[in-house]
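A quick write-up on the structure given underneath.
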Amino acid sequence: MVVVNVLYKVGARDESPDKTGFAHLFEHLMFGGSINVPNFDTPLQLAGGDNNAFTNNDITNYYETLPVANIETALWVESDRMLQLEFSEQSLEVQKKVVCEEFKQRYLNQPYGDAWLKLRPLAYKTHPYQWATIGKKLSHIENASLEDVKSFFYKHYGPDNAILSIAGNIKFDETIKLAQKWFGGIENRNISKTNLPLEPTQIEERHETVKADVPQKAIYKAYHMCDRLHTDFHATDFMSDILSGGKSGRLLNKLVKEQNLFSDINAYISGDLDAGLFVVEGRLNDDVSFDNAERAINDELTKLQQECVHDNELQKVKNKAESIFVFDQLNLMNKAMNLAFAENIGHIDWVNTEIDLYKNVKKEHIQKVAQQILNVTNCSTLYYEPK
């Protein structure tokens with residue numbers, strides 16, 4: 001077997017503020033057919049393969065898994081849609097309807113589905129992380145014209161803005177030859193790097209209350225944190241695991257099991273390439289006030305600032321990180337994606353060595369990070385109240 005992975009360096013952050021959701025729309029459009037491959041899925045299925053894609057705020061990633069004997073089928077279809085999509089009003093309208101229905105189903109008509117549509121603009125005032133991958137609002141997709149999408153394609157989708165990674169039972173020399181055969185003739189598009197504005201330091205707490213058709217009260221607390229390449233990133237990641245990493249996480253044990261304030265509560269990081277968010281979110285039990293719930297969360301976060309985490313807590317999250325790393329190495333798709341992502345951030349060696357950055361995190365570093373970011377003035381809080 002072999003996995004062919006193509007990462008394009010375009011995500012929601014590369015969109016215009018008045019035309020958002022385009023990167024995600026293109027994830028769909030890229031399956032709509034190209035000049036020589038009118039149906040993307042059919043040749044791959046005939047070759048015994050499958051495919052999929054995902055988009056986030058930083059990248060768009062496409063991948064195929066198929067028998068290595070049929071690798072050229074994957075390279076053919078990927079190179080053809082990089083060369084030129086089959087732009088048509090019909091294809092655009094079909095995919096716009098699909099994306100709009102996804103917007104309604106996942107974000108507008110689902111309890112708490114619009115949380116990130118509200119939390120991002122609350123936390124970000126300058127950086128384009130202020131909108132979600134799906135876009136700011138439906139009208140941006142509904143009003144997308146054929147000229148809009150053509151312009152977006154030729155601005156972002158070309159060999160000089162893409163990374164091809166291949167993992168599987170294939171020799172290196174053969175891989176290089178096939179990559180040159182299928183992609184070598186596609187001209188660069190002189191794609192320029194998007195200059196993104198830096199998000200200013202948040203200096204005052206922010207709040208927003210939403211009354212919605214939700215089953216119970218919920219709270220989202222977002223703290224600005226470092227970017228993906230910062231030396232504090234891995235300590236911050238561990239901090240979220242200590243709070244919410246499995247059945248022994250502090251928040252679950254203290255606020256759910258012992259104090260019975262929440263039905264569930266989690267902490268996690270956004271993991272963005274630029275400065276991201278450290279988030280605590282929870283669903284409150286019926287008789288619990290926002291004041292009591294928030295006070296309990298803040299008490300747990302303050303403990304991280306005042307005291308180093310226990311040695312066994314740190315060792316637990318290190319063991320978890322190492323097990324994830326080891327199991328990732330067993331999966332061809334993960335290998336291909338990890339290679340592409342590491343190349344994208346300019347640290348290709350991280351596919352083998354990032355685990356050492358996690359293993360070398362000290363408990364004092366976690367305390368330092370907690371003191372730096374878990375502060376009221378650095379926090380944006382979203383409250384959900386049932387109607």
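Count residues from 1 along the sequence. Keep in mind that the numbers below use all heavy atoms, side chains included, and drop hydrogens, waters and symmetry copies.
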Exercise for the section: Using modelled atom types only, decide if a donor and an acceptor are shared between the side chain of N285 and the backbone of N260 within a distance under 3.5 Å. Expected result: yes
Handout entry: Heavy-atom side-chain contact between N266 and L251 under 4.5 Å
Key = no
Practice task
Check for a donor-acceptor pair, side chain of Q216 on one end and backbone N or O of L284 on the other, with a separation under 3.5 Å.
Solution key: yes
Problem - Verify same cluster id: V149, V10 (apolar side-chain graph, 4.5 Å) - result: yes
Problem - Polar side-chain atom of N161 near backbone of I191 as donor-acceptor pair, under 3.5 Å - result: no
Practice task
Check whether any side-chain heavy atom of N143 lies under 4.5 Å from a side-chain heavy atom of K19, and answer yes or no.
Solution key: no
Exercise for the section: Kindly assign one of parallel, tilted or perpendicular to the pair F153 and F87, based on the angle between their ring planes and the thresholds 30° and 60°. Expected result: perpendicular
Fill in the blank from the handout: Separation between CG (N5) and CG (N51), nearest 0.5 Å, reads 12.0 Å
Exercise for the section: Indicate whether the side chain of E281 and that of Y112 have a donor and an acceptor atom separated by less than 3.5 Å. Expected result: no
Exercise for the section: Classify the side-chain pair D18/H140 by whether it contains a donor and acceptor separated by less than 3.5 Å. Expected result: no
Practice task
Could you verify whether a donor N or O on one side chain and an acceptor N or O on the other, from Q305 and N375, lie under 3.5 Å apart?
Solution key: yes
Handout entry: Backbone N/O of D232 and side chain of H230: donor-acceptor pair under 3.5 Å
Key = yes
Problem - Which atom of A23 lies closest to which atom of G11, heavy atoms considered - result: CB-C, 3.7 Å
Completion exercise
When rounded to the nearest 0.5 Å, the distance separating CD of E102 from CD1 of I134 is 4.5 Å
Problem - Distance under 6.0 Å and angle within 45° of ring axis: R81 vs F40 - result: yes
Exercise for the section: Please check if the side chain of S88 supplies one atom and the backbone of S91 the other of a donor-acceptor pair under 3.5 Å. Expected result: yes
Exercise for the section: May I ask you to say whether D328 pairs ionically with K335, meaning some side-chain N is under 4.0 Å from a carboxylate O? Expected result: no
Problem - V280 side chain near E300 side chain, heavy-atom distance below 4.5 Å - result: no
Exercise for the section: Count the heavy atoms of every other residue, nucleotide or ligand shown that sit under 6.0 Å from NZ of K155, and state whether that count exceeds 12. Expected result: no
Exercise for the section: For residues M239 and H365, determine if any side-chain heavy atom of one lies less than 4.5 Å from a side-chain heavy atom of the other. Expected result: no
Exercise for the section: State which residues pass side-chain contact (heavy atoms from CB on, under 4.5 Å) with D241; sequence neighbours excluded, sorted by chain then number. Expected result: D237, F238, V317, K320
Problem - Heavy-atom closest pair, residues L382 and L122 - result: N-CD2, 4.5 Å
Handout entry: Non-hydrogen atoms of K217 and P386 that approach each other most closely
Key = CG-CD, 3.6 Å
Exercise for the section: Determine yes or no for a side-chain-to-main-chain donor-acceptor pair under 3.5 angstrom, with T20 supplying the side chain and K136 the backbone. Expected result: yes
Practice task
Please say whether more than 12 non-hydrogen atoms of neighbouring residues, nucleotides or ligands are located less than 6.0 Å from CD1 in I203.
Solution key: no
Problem - Hydrophobic cluster identity match, V94 and F31, side-chain contacts under 4.5 Å - result: no
Exercise for the section: Apply side chain to side chain donor-acceptor pair (under 3.5 Å) to E205 and list each qualifying residue two or more places apart in sequence or on a separate chain. Expected result: H207
Practice task
Indicate whether the side chain of Y223 and that of Q202 have a donor and an acceptor atom separated by less than 3.5 Å.
Solution key: no
Exercise for the section: State whether the number of non-hydrogen atoms from other residues, nucleotides or ligands found under 6.0 Å of E93 atom CD is greater than 12. Expected result: yes
Problem - CG (L198) with more than 12 external heavy atoms under 6.0 Å - result: no
Exercise for the section: Say whether N298 and R295, considering side chains only, have a donor N or O and an acceptor N or O under 3.5 Å apart. Expected result: no
Exercise for the section: Scan side-chain atoms only and decide if D272 and N57 contain a donor-acceptor pair under the 3.5 Å cut-off. Expected result: no
Handout entry: Over all atoms of both residues, closest heavy-atom pair of A53 and E27
Key = O-OE2, 3.4 Å
Exercise for the section: Side-chain contact test, heavy atoms from C-beta onward, threshold under 4.5 Å: evaluate it for V256 versus I265 and give yes or no. Expected result: yes
Practice task
Look at K211 together with E385 and state whether they make a salt bridge at an N to O cut-off of under 4.0 Å.
Solution key: yes
Practice task
Answer yes or no: is there a side-chain heavy-atom contact under 4.5 Å between L85 and Y157?
Solution key: no
Practice task
Output yes when a side-chain donor or acceptor of S270 lies under 3.5 Å from a complementary backbone atom of L277, and no otherwise.
Solution key: yes
Exercise for the section: Quick one: pull up NE2 in H224 and OG1 in T377 and give me the separation to the nearest 0.5 Å. Expected result: 10.0 Å
Handout entry: Backbone of P121 reached by a side-chain donor or acceptor of W131 within 3.5 Å
Key = no
Exercise for the section: For the pair D311 and K363, find out whether any cationic side-chain nitrogen is under 4.0 Å from an anionic carboxylate oxygen. Expected result: yes
Handout entry: NZ/K257: more than 12 non-hydrogen atoms of other groups inside 6.0 Å
Key = yes
Practice task
Please round to the nearest 0.5 Å and tell me the distance separating atom CG of L25 and atom CD of E15.
Solution key: 9.5 Å
Practice task
Using distance alone, with no hydrogens and no angle criterion, decide if K221 and T381 have a side-chain donor and acceptor under 3.5 Å apart.
Solution key: yes
Problem - Ring center gap for Y62 and F54 short of 6.0 angstrom - result: no
Practice task
Show your working on side-chain hydrogen bond (donor to acceptor under 3.5 Å, both in side chains) between D58 and Y129 and close with a plain yes or no.
Solution key: CA-CA 9 Å; D58 297 313; Y129 283 164; 2.5 Å; yes
Fill in the blank from the handout: All heavy atoms of L92 vs all of A144, minimum pair found to be CD2-O, 3.8 Å
Practice task
Measure the shortest side-chain to side-chain distance between Y268 and S244 over non-hydrogen atoms and say whether it is less than 4.5 angstrom.
Solution key: no
Completion exercise
Rounded to the nearest 0.5 angstrom, the CD1-CD1 distance for I355 and I324 is 8.5 Å
Handout entry: Minimum side-chain heavy-atom gap L108-F103 below 4.5 Å
Key = yes
Completion exercise
Rounded to the nearest 0.5 Å, the CD atom of Q329 sits from the CG atom of L332 at a distance of 11.0 Å
Exercise for the section: Mind telling me whether H127 and Y124 have parallel, tilted or perpendicular rings, with 30° and 60° as the class edges? Expected result: tilted
Handout entry: Main-chain N/O of T73 paired with N70 side-chain donor or acceptor, under 3.5 Å
Key = no
Handout entry: Pair E307 + K303, salt bridge at N-O below 4.0 Å
Key = no
Fill in the blank from the handout: Nearest heavy-atom contact between N188 and P159 is OD1-CG, 3.4 Å
Problem - Enclosure of K96 NZ (heavy-atom neighbours >12, cutoff 6.0 Å) - result: yes
Handout entry: Side-chain (S79) to main-chain (W76) donor-acceptor, under 3.5 angstrom
Key = yes
Practice task
Would you mind checking if D160 and R189 are paired as a salt bridge, meaning a charged N to carboxylate O distance below 4.0 Å?
Solution key: no
Practice task
Tell me, yes or no, whether the heavy-atom count around K137 atom NZ, taken from other residues, nucleotides or ligands under 6.0 Å, exceeds 12.
Solution key: no
Exercise for the section: Using distance alone, with no hydrogens and no angle criterion, decide if H234 and E354 have a side-chain donor and acceptor under 3.5 Å apart. Expected result: yes
Problem - side-chain hydrogen bond (donor to acceptor under 3.5 Å, both in side chains) assessment of Y63 paired with D50 - result: CA-CA 9 Å; Y63 51 94; D50 57 27; over 6 Å; no
Practice task
Using distance alone, with no hydrogens and no angle criterion, decide if T353 and D356 have a side-chain donor and acceptor under 3.5 Å apart.
Solution key: no
